Amino acid sequence: MDLLLSTPIHRLPLTQKPNHTYDRHRLFNNPPHVRTTTAEKNAHLCVAHQLFDDIPIWDTFAWNNLIQTHLTSGDVGHVISTYQQMLSRGVRPDNHTLPRVICASRHYGDLQLGKQLHAQAFKLGLFSNLYVFTSLIELYGILDSADTARWLHDKSACRNAVSWTMLAKLYLMEDKPSFSIDLFYQMVELAADIDAVALATAIGACGARKLLQHGRNIHHVARIHGLEFDILVSNCLLKMYLDCGSIKDARGLFNRMPFRDIISWTDLIHFYVKNGGINEALKLFRQMNMDGELKPDPLTISSILPACGRITAHKHGREIHGYVLKNYFDDNLIVQNALVDMYVKSGCIQSALKIFSRMKEKDMVSWTVVISGYSLHGQGKLGVGLFREMDRNFSVHRDEITYTAVLQACSTASMVEEGDFYFNCITEPTMAHFVLKVALLGRAGRFNEARTFVDKHKLDKNLEILRALLDGCRKHHQQKLGKRIIEQLCDLEPLNAENYVLLSNWYASNEEWEMVEKLRKTIRDMGLRPKKAYSWMEFRNKIHAFGTGDVSHPRSQAIYWNLQCLMKKMEEDGFKRNTDFRFHDVDEERECALIGHSELLAISFGLISTEAGRTIRIAKNLRVCHSCHESAKFISNKVGREIIVKDPYVFHHFKDGRCSCEDFC
DNA sequence: TTAGGGTTAG
């Protein structure tokens, strides 16, 4: 790029009068309503260059326009060559030319060229121009380091809010948020102009490092400058408080905001969804829609859909799908992925597959969602098949989550050899992959291999690994090994009540009631509180929740009566309720076990509330116990309905007396 | 010239 230096700057005219009779805007710019394709743009550029050669004298404005056109189309090579031509024809660059060429050299990654431009800016007397100066700061910051940019910045007299903010952004890009915050404080000390973007950058830095106190200080500065309710600033403050986990500050600000835009609502909804506040998220989403001023956009939709999936709110999800179709968001890849995921998690794998098969473009997330969806629904073989299909498509990348999905699929289908193969494909397996490998061996009943693998990788103290082994013991009725693992869990994690529940259940299943009582006392004495089991069902746009032995539902009497009738029929048909609790983390009150478990109450409510033949969809926060699993199988056959129960690990499709999980519960 | 929000596991 030494050509740049070959044109002596001092020979360039200081000013240049326009000498054109053509319409310069029409030459390069279409009217706003005309959209051009890349091929058309290239054709236009060729014509532009031709005209360029025909016209003997061009002014800086026209050259800048051409440079801008190349820059907009991302053709940085042409920006630089056009600039060289400009210089060789004796046209003088101005304060609009240099920032564009500096920007191009930054994209080009050419620091030497940047330095030449820096020298030219000096010679042309343009270095103190704020646009030129800021673009040089950015160039040095990205191609060298933020410290170099800062050195240049500190030496210069022409600093303003933009250049300070640029510097702060450069430090953020280097993952040094505290430097960005220090810069902001310096700006305040030096009484520099504080604008909304400077505040937004500093607030973002606080959020990135969860520096709540700094965030509050900067909030105060925003208030002093009258910018607290600038929509950019207040949204950044909202995000910062959410990032710092201070929902109280966030809600306080949100409630005081005189104006909220779709980003304010989406941020808050997203926070609740991510942190398990599903009902609050759905409430906010409804409130926003009822206010009527703002309409959800694709980002809002992608934020709320996981909430529907999480609680199997299939109707809510379907309504949102309708909204997506009505508003033509259905060609947005991320929305499509979120829809597929929502249907998978709502128990409607067929609807998920329908969308997936119609997607014109699929990315890694689309494939991963469906592969893990198959496992969730007990169809591991199909999941492995889909991974193979994805594997044949070289344009789709795979990440650790994709491998998690395929290992899960292998484990569900007990495809040990395939699982081994895929595990060996992972260059840097994470703990999740190790856990899945152990689960795969355990579920296939290969306990010796599992033990060797655990010992080889020194995983015997890992809680997730032990729980994966315990799953295998559950399936293969490995009582002794199971008990040993539970005892290990209690030793390693003495404050987790669920471990004692497991142990208590083990003793209960062996009718060692003294030990059961002793463990219950231990749990009480230690002040531990085992998780309460809840099941819920969506009916007429409301979520109906049931706890163990719950009698609070308005239709409680009918629910229990129906359940008692069903249990009676079960006995009459010769079925014995199984009270095997061995490895289940659903203890609670055993006296409720016969009819009072939350999933059975929810199923009974579903049966008496919905019309005959309708599928019943239930979600549960804990594992379904063996006894309820057997009952649900019986009920599905007796009433001729499909009952879908989602627990934290898997979907159970009960139909005609069978379950899709093949009794892995 | 600087600037705020989204999907997959656990």
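Proteins come first, then strands; the chains are lettered A, B, ... in the order of their sequence lines, and each starts at number 1. Everything quoted here is computed from the prediction, not taken from an experiment.
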**Asked** Between H316(A) and F285(A), does the ring centroid distance fall short of 6.0 Å?
**Response** no

Rounded off to whole Å, could you give me the [atom1]-to-[atom2] distance for the [X] and [N] pair?
{"X": "I67(A)", "N": "dT1(B)", "atom1": "CD1", "atom2": "P", "value": "15 Å"}
{"X": "I304(A)", "N": "dT7(B)", "atom1": "CD1", "atom2": "P", "value": "12 Å"}
{"X": "L117(A)", "N": "dT1(B)", "atom1": "CG", "atom2": "P", "value": "17 Å"}
{"X": "L136(A)", "N": "dT1(B)", "atom1": "CG", "atom2": "C1'", "value": "11 Å"}
{"X": "K295(A)", "N": "dG6(B)", "atom1": "NZ", "atom2": "P", "value": "23 Å"}
{"X": "I401(A)", "N": "dA9(B)", "atom1": "CD1", "atom2": "C1'", "value": "5 Å"}
{"X": "K239(A)", "N": "dA3(B)", "atom1": "NZ", "atom2": "C1'", "value": "13 Å"}
{"X": "I218(A)", "N": "dA3(B)", "atom1": "CD1", "atom2": "P", "value": "17 Å"}

Given [options], the nucleotide with the shortest approach to the side chain of [X]:
{"X": "Q408(A)", "options": "dG10(B), dT7(B), dT2(B)", "answer": "dG10(B)"}
{"X": "I334(A)", "options": "dT1(B), dG6(B), dA3(B)", "answer": "dG6(B)"}
{"X": "L232(A)", "options": "dA9(B), dA3(B), dG5(B)", "answer": "dA3(B)"}
{"X": "A338(A)", "options": "dG6(B), dT7(B), dA9(B)", "answer": "dT7(B)"}
{"X": "L299(A)", "options": "dA3(B), dG5(B), dT8(B)", "answer": "dG5(B)"}
{"X": "T134(A)", "options": "dA9(B), dT1(B), dG5(B)", "answer": "dT1(B)"}
{"X": "V162(A)", "options": "dT2(B), dG6(B), dT7(B)", "answer": "dT2(B)"}
{"X": "K169(A)", "options": "dT7(B), dG6(B), dT2(B)", "answer": "dT2(B)"}
{"X": "I263(A)", "options": "dG5(B), dG6(B), dT8(B)", "answer": "dG5(B)"}
{"X": "D267(A)", "options": "dG5(B), dA9(B), dG6(B)", "answer": "dG5(B)"}

For [N], take OP1 and OP2 only and decide whether either is under 4.0 Å from a side-chain N or O of [X].
{"X": "K362(A)", "N": "dT7(B)", "value": "no"}
{"X": "K274(A)", "N": "dT7(B)", "value": "yes"}
{"X": "H270(A)", "N": "dG6(B)", "value": "yes"}
{"X": "H433(A)", "N": "dA9(B)", "value": "no"}

Could you check whether [X] gets within reach of a base, just the sugar-phosphate, or nothing at all, counting any heavy atom under 4.0 Å?
{"X": "D297(A)", "answer": "base"}
{"X": "L238(A)", "answer": "nothing"}
{"X": "L130(A)", "answer": "base"}
{"X": "S135(A)", "answer": "nothing"}
{"X": "S366(A)", "answer": "nothing"}
{"X": "I262(A)", "answer": "base"}

Any side-chain heavy atom of [X] within less than 4.5 Å of one from [Y]?
{"X": "D154(A)", "Y": "R159(A)", "result": "yes"}
{"X": "L170(A)", "Y": "L167(A)", "result": "yes"}
{"X": "S264(A)", "Y": "I231(A)", "result": "yes"}

**Fill in**
The single option from L237(A), D230(A), L232(A), L227(A) that satisfies side chain to side chain contact (heavy atoms under 4.5 Å, CB included) with L199(A) is L227(A)

**Message:** Applying ring-ring contact (aromatic ring centres under 6.0 Å, His included) to F356(A) and W367(A), what does each step give before you reach the verdict?
**Reply:** CA-CA 8 Å; F356(A) 179 74; W367(A) 291 90; 5.3 Å; yes

**Request:** Start with the C-alpha distance between N499(A) and R467(A), add both sets of side-chain angles, then the distance that settles side chain to side chain contact (heavy atoms under 4.5 Å, CB included), and finish with yes or no.
**Result:** CA-CA 10 Å; N499(A) 296 332; R467(A) 291 199 179 100; 3.5 Å; yes

**Request:** Please confirm whether any donor atom in the side chain of S303(A) sits under 3.5 Å from an acceptor in the base of dG6(B), or the reverse.
**Result:** no

